[in-house]
K.L.:
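I'd like to ask you about the structure that follows.
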Amino acid sequence: MVFYKSLIQWYLQNKRDLPWRKTDNPYFIWLSEIMLQQTRVAQGLPYFLSFTEAFPTVFDLANAPEEKVLKLWQGLGYYSRARNLHATAKHVAYNLDGKFPTTYKELLKLKGVGDYTAAAIASISYGEPVPVVDGNVYRVLSRYFGVDTDISSTQAKAEFRELAGSQLPKDNAAEFNQAIMEFGALKCVPKSPDCANCIFNANCVAYATGRVGELPVKLKKTKVTPRYFNYLIVKDADGNSLMQKRTAKGIWHNLYEFPLLETLTEVPEKDTAHLIDTFPGFDFPVADIKLLTPEKVIHKLSHQHLHIRFWEVKTNSVVKNALSHSELRALPVPVVIHNFIDKHWV
DNA sequence: AAACCGGGGTC
DNA sequence: GACCCAGGTTT
């Protein structure tokens, strides 16, 4: 049987019951696709539910303050997705009369929407016959057709898009695209796929040649750099603490955190005077400072390992702009800050 | 083309 | 520890 027919047949029998599969409303399709970029379905699902409840329409999302959007996004990672999501919602609501673009080419112009997402929305919401190329597609096609092009190369994307497009039925792009991704997610998995019970094991080149474990080929390795973060937890006379917004380029842009002193190496536990002396903006008398987390806390991101220490800074004065517990808990923060607050706040 | 951007699951 | 996830943007 033709590849796409077997694939769609498998999909119709095995697809998961997911909320964004009950609609073709481009707002919901767009929302789900942005959330699922580099994110597993299981991780994104609860966020999709909370977003659709908080923002039933693109106008609700557009009219929300960014801080509320980031707070709901908290924990999902890649926060530029949330900022672009908000910007695009405003654009659609205010400039496009609440109507999403209806073609791949026009969708591509939206912030946060690249080749994959434009193709996904165009095919799923409007039936446009454009192929998606995501991590699942690389894996399924590279194995089935025995393609060993390095998927981290630039030309791989064009090559696999051509290949996917050659297999895509023009009258059923929506199901084909979802089918190949679902097949990659559930059956043609990265490690130890169950090829013995696969519908394609008679035609799969990788299986026939014993190269399932070698495909797809990905040569580029991610380099991890260590960073040393010292967070200063101010406790003023009212029990309040300072928080600040990360406005610089880099991780966690526009999220909040405690006052931060980043050092090139780990600060010695006894060298507390150094922390206060070098910290800009502390204009109140410090009564006491101590290390709250002597155990090594290493927060691992894809490209950075953050060696994080939390220092408690007590003062007997009332610090201007310091926040109460409930106030700081309302702010969007990185997971590592959220975990600290949960564990250490009384 | 390469670097950057999170957090969690899996083996 | 290494790899991956319904990738996109910036440099």
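Proteins get letters first, then strands, A, B, ... in listed order; numbering begins at 1 in each.
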K.L.:
Walking along DNA chain C from 5' to 3', note the first and the last nucleotide with an atom under 4.0 Å from a heavy atom of chain A, and give both.
P.N.:
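Span of nucleotides near chain A: dG1(C) to dT9(C).
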K.L.:
For Ala119(A), give me all partners under side-chain contact (heavy atoms from CB on, under 4.5 Å), at least two apart in sequence or on another chain.
P.N.:
Tyr104(A), Val130(A), Val132(A)
K.L.:
Is it true that Val335(A) and Leu301(A) fall in one hydrophobic cluster, defined by side-chain heavy atoms closer than 4.5 Å?
P.N.:
no
K.L.:
Going by the rule side-chain contact (heavy atoms from CB on, under 4.5 Å), which residues pair with Arg40(A) if we only count those two or more places apart in sequence or in a different chain?
P.N.:
none
K.L.:
Determine the interatomic distance between P on dA3(B) and the same-named atom on dA6(C); round to the nearest Å.
P.N.:
25 Å
K.L.:
Below 3.5 Å, can you tabulate the donor-acceptor pairs from side chains in residues 48-58 of chain A to any protein atom, sequence neighbours excluded?
P.N.:
{"from": "Ser50(A)", "atom 1": "OG", "to": "Pro46(A)", "atom 2": "O", "distance (Å)": "3.3"}
{"from": "Ser50(A)", "atom 1": "OG", "to": "Tyr47(A)", "atom 2": "O", "distance (Å)": "3.0"}
{"from": "Thr52(A)", "atom 1": "OG1", "to": "Phe48(A)", "atom 2": "O", "distance (Å)": "2.9"}
{"from": "Thr52(A)", "atom 1": "OG1", "to": "Leu49(A)", "atom 2": "O", "distance (Å)": "3.1"}
{"from": "Thr57(A)", "atom 1": "OG1", "to": "Phe59(A)", "atom 2": "N", "distance (Å)": "3.2"}
{"from": "Thr57(A)", "atom 1": "OG1", "to": "Asp60(A)", "atom 2": "N", "distance (Å)": "3.2"}
{"from": "Thr57(A)", "atom 1": "OG1", "to": "Asp60(A)", "atom 2": "OD2", "distance (Å)": "2.9"}

K.L.:
With salt bridge (Lys or Arg N to Asp or Glu O under 4.0 Å) as the rule and sequence neighbours excluded, what pairs involving residues 100-119 of chain A come up?
P.N.:
Glu106(A)-Lys109(A), Asp115(A)-Lys157(A), Asp115(A)-Arg161(A)
K.L.:
Heavy atoms only, 4.0 Å cut-off, all strands: where does Asp115(A) land among base, sugar-phosphate and nothing?
P.N.:
sugar-phosphate
K.L.:
So which of residues 10-30 of chain A are in contact with DNA chain B, with a heavy-atom cut-off of under 4.0 Å?
P.N.:
none
K.L.:
Assess whether a salt bridge exists between Asp17(A) and Lys22(A), defined as any Lys/Arg side-chain N lying under 4.0 Å from an Asp/Glu carboxylate O.
P.N.:
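Answer for the salt bridge query: yes.
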K.L.:
Got a sec, which pairs hit salt bridge (Lys or Arg N to Asp or Glu O under 4.0 Å) with one end in residues 243-253 of chain A, sequence neighbours left out?
P.N.:
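Qualifying pairs: Arg246(A)-Glu257(A).
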K.L.:
Name all residues meeting the side-chain contact (heavy atoms from CB on, under 4.5 Å) criterion together with Asn197(A); count only those two or more places apart in sequence or in a different chain, and write none if there are none.
P.N.:
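If we apply the side-chain contact (heavy atoms from CB on, under 4.5 Å) test to Asn197(A), skipping adjacent residues, the hits are Lys187(A), Asp194(A).
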K.L.:
Does any pair with a residue in residues 161-205 of chain A pass ring-ring contact (aromatic ring centres under 6.0 Å, His included), and if so which ones, sequence neighbours excluded?
P.N.:
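Listed once each, the pairs are Phe3(A)-Phe200(A), Trp10(A)-Phe183(A), Tyr144(A)-Phe200(A), Phe183(A)-Phe200(A).
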K.L.:
For a quick test of your reading: what N or O donor-acceptor pairs under 3.5 Å do the side chains of residues 69-77 of chain A make, sequence neighbours left out?
P.N.:
{"from": "Lys71(A)", "atom 1": "NZ", "to": "Gln74(A)", "atom 2": "OE1", "distance (Å)": "2.9"}
{"from": "Lys71(A)", "atom 1": "NZ", "to": "Arg329(A)", "atom 2": "O", "distance (Å)": "3.0"}
{"from": "Lys71(A)", "atom 1": "NZ", "to": "Leu331(A)", "atom 2": "O", "distance (Å)": "2.7"}
{"from": "Trp73(A)", "atom 1": "NE1", "to": "Gly77(A)", "atom 2": "O", "distance (Å)": "2.9"}
{"from": "Gln74(A)", "atom 1": "OE1", "to": "Val333(A)", "atom 2": "N", "distance (Å)": "3.0"}

K.L.:
Counting primed atoms plus P, OP1 and OP2 as sugar-phosphate and everything else as base, spell out the protein contacts along nucleotides 2-11 of chain B at 4.0 Å heavy-atom distance: B, S or - for each nucleotide, 5' to 3'.
P.N.:
--BBBBBB--
K.L.:
Quick check: on DNA chain C, is the nucleotide nearest Lys111(A) upstream (toward 5') of the one nearest Leu36(A), or the reverse? Name the residue that is more 5'.
P.N.:
Leu36(A)
K.L.:
Considering only atom P, compute the distance from dT10(C) to dG6(B) and round it to an integer number of Å.
P.N.:
14 Å
K.L.:
Please list, in numerical order, the residues of residues 116-128 of chain A that have a heavy atom closer than 4.0 Å to any atom of DNA chain C.
P.N.:
Tyr116(A), Thr117(A)
K.L.:
As a test of understanding, state which of Leu168(A), Thr149(A), Val147(A) forms a side-chain contact (heavy atoms from CB on, under 4.5 Å) with Leu163(A).
P.N.:
Val147(A)
K.L.:
Once you apply a heavy-atom cut-off of 4.0 Å, does Val113(A) come out as touching a base, just sugar-phosphate, or nothing?
P.N.:
sugar-phosphate
K.L.:
Tell me the closest heavy-atom pair linking Thr293(A) and Phe310(A), and the distance in Å.
P.N.:
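Residues Thr293(A) and Phe310(A), closest heavy atoms: OG1-N, 3.0 Å.
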K.L.:
Asn177(A) and Pro131(A): which non-hydrogen atoms are nearest, and at how many Å?
P.N.:
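What the structure gives for the nearest pair is OD1-CA, 3.7 Å.
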K.L.:
Any base atoms under 4.0 Å from Val132(A), or only sugar-phosphate, or nothing? Heavy atoms, all strands.
P.N.:
nothing
